[in-house]
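So the structure is just underneath, and the comments pick up after that.
Just so you know, these numbers come straight off a predicted model, no measurement behind them. Naming convention: chains lettered A, B, ... in sequence-line order (proteins, then strands); numbering from 1 in each chain.
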There are 2 protein chains.
Amino acid sequence: MGTQQSRPVTLRTIADQLGLHVSTVSRVLHAKPDESLRAASADTVERVRRLADELGYQPNPHATSLRTRRSNLVGVLVPRLSDIVLATIYEGIEEAAAEQGLSTFVANTGDNPEAQRTRTKMVIGRRVDGMIFGDAHADGRFLAEVAGRGIPFVLVSRTCADHPSVTCDDYLGGRLVADHLLELGHRDVAVVAGEPYASTGIDRTAGLVDRYREAGLPIPAHRITHSRFDVPGGHAATARLLDTPEPPTAVFAVNDFAAIGAIGALREQGLRAGADVAVVGFNDTPLAAELPLPLTTVRSPMLEMGRRGLRMLVRLLEGEAVESERLRPELVVRASSAPRP
Amino acid sequence: MGTQQSRPVTLRTIADQLGLHVSTVSRVLHAKPDESLRAASADTVERVRRLADELGYQPNPHATSLRTRRSNLVGVLVPRLSDIVLATIYEGIEEAAAEQGLSTFVANTGDNPEAQRTRTKMVIGRRVDGMIFGDAHADGRFLAEVAGRGIPFVLVSRTCADHPSVTCDDYLGGRLVADHLLELGHRDVAVVAGEPYASTGIDRTAGLVDRYREAGLPIPAHRITHSRFDVPGGHAATARLLDTPEPPTAVFAVNDFAAIGAIGALREQGLRAGADVAVVGFNDTPLAAELPLPLTTVRSPMLEMGRRGLRMLVRLLEGEAVESERLRPELVVRASSAPRP
DNA sequence: ACATCCTACCCAAACGATTGCCCCAAACGT
DNA sequence: ACGTTTGGGGCAATCGTTTGGGTAGGATGT
């Protein structure tokens, strides 16, 4: 824990106490084993190390960053941390960052372009080494700007153009859902497709739509509607989808929360989710399994996505060429998806 | 947006370009109106300002921090960001921090004392000006250590000893629940009390228990059981509570997620939440209103708690004396709390 | 005409760590 | 015996800001 209370211990504290020069102490403490051997005698190395942790020495990161032009900081932008999906991804990022000795700044942008700009500027002002965006918009304008300014970054959760990203294979996820619903006999499915600018929703929808088309059952446009990624969003969207002479026999919501909203909307119309209408979500958030009506959903490796995203950024910062990763989703069948009535 | 791409623009860039000394530029850019007037002529001030934002100058925070020994950084520790309650509180913190020109580091500790120690150390190593703990443990040992080291901090969500904190008035919240259940005629209520080290659960429980005692209906010890603050935790705890000859007619779970778990456990026993057994949660998370069985709960001002927590820390850093704040909870009655059958 | 006071700046020393270069002494080679 | 290497460290500049002191030249006061 270090015995110091007021005076911060610096390299000089140690150097003076040992009659050495700060540069020597710096080399001893900083360099890897191979280096420190030629920096000082084994005996000196030992004395320096011992005193350093006796005093609880911790290098001043501001001084280091100033000198090295490397902050060991990364900025993370997400739509909302109170969305458990992004929160979990961020947990992965933070975990991996800590392992690498990096720290992260995270900020919400609410998917608002202006906030994206101002928050990015703030974060860059803090001299981060790189950034991770969890709120990429399909139109890619903002990210093009950032790339143009030479800031290294990677994307998580959503893809955009060919910026490096770590995502779930959302398209495949959509296909898995289609396979499942086809198998259950559903010929008429509606999609709560999420925000139109999010690749997650776009790709999940595309996967399902393509698979249905391949099965000879093209999904008409009026069966697809956009929505927010939350409960009220899913509720409203589903209400719209049900406002038709013949309601669909299955609803695919591209997000678990939207799916919960969908269940609510169904109930409101006197339809029983899981019996009259199959409902499938996406992400397998912890709640899905524990709902009164356990939710069929697609598990996406959120924590892993965050971890890999950070490691990809690190490789990028080291100058390596990186390639986008697409993680494998997995269908989890539960009670909410019933066979076609 | 700044026209620079590679060479960072510093005070010197501006000074050289204007034939001034960096110190002059620094004063012009840094000081408040009253100061900058005596730092340079109105004309010079104007030229400096114009060039600064033409070049998109952003002060290097590492240099500033090194010099001033103030980092404008605050560290935040929470049990888990993927818990929506803490995530929301953190959003409030981050929001308020941004308004004050501060940045935050946030880390999960999982309520694990060792993680609390190592993460705190990391954060302090980053030279934060102060900290906010959302994971205080009732036993206060760790926080006493931190206080002993002279790190300024405040608590949010949970209280501990007399460290300054911003919390919901959890005790009152518990009483509100008791009032409600008493009014409904419930004479036999069980409590899913959360983690034993969290003041939230402790106080909410105490509020309910005290009120019931005052009503002449003391709650026996076997009606109270601890649990994790999540769905499986609430499920398991409720299962234990139901494993008795005469099940209670109402269950108070000190957290919405635990309440959802409780509803599941009831169903498993063939009991209908909201009909056979009243269920009340706490926090009024966005889900509560949207559940298949809308949940009676107590609204706690989570975002506001975060915002106030940060502002309290700022006051503390400015040397003001601060006093703990207890925010008002509000009972929200929904379908899950039925009158006693 | 002299001291005095502003005005509008400049100087230089920090803050703490990193790093290319230099240097001294002992050891070594031939 | 003398030049060369090597082991063990010291020197000093540098990163970008802040801030407690100057100081030169003009205006002001008497």
* To do: Please check if any side-chain donor atom of A/S82 sits under 3.5 Å from a side-chain acceptor atom of B/E91, or the reverse.
  => yes
Touch check for B/S65, heavy atoms < 4.0 angstrom, all strands: base, sugar-phosphate only, or nothing?
nothing
In 5'-to-3' order, the base (B), backbone-only (S) or no-contact (-) status of each nucleotide in nucleotides 10-17 of chain C, using a 4.0 angstrom heavy-atom cut-off, is BBBBBBBB
Sorted by chain and number, sequence neighbours left out, salt bridge (charged side-chain N to carboxylate O under 4.0 Å, His left out) with B/D129 holds for B/R70
To the nearest angstrom, the CZ-C1' distance between A/R47 and D/dG8 comes to 12 Å
Handout entry: Ion pair check, B/E304 and B/R308, cut-off under 4.0 Å
Key = yes
What side-chain donor-acceptor pairs closer than 3.5 Å can you find for residues 310-321 of chain A, not counting sequence neighbours?
none

Check your understanding: Distance only, no hydrogens: is a donor on one side chain within 3.5 Å (strictly under) of an acceptor on the other, for A/N108 and B/E94?
Key -> no
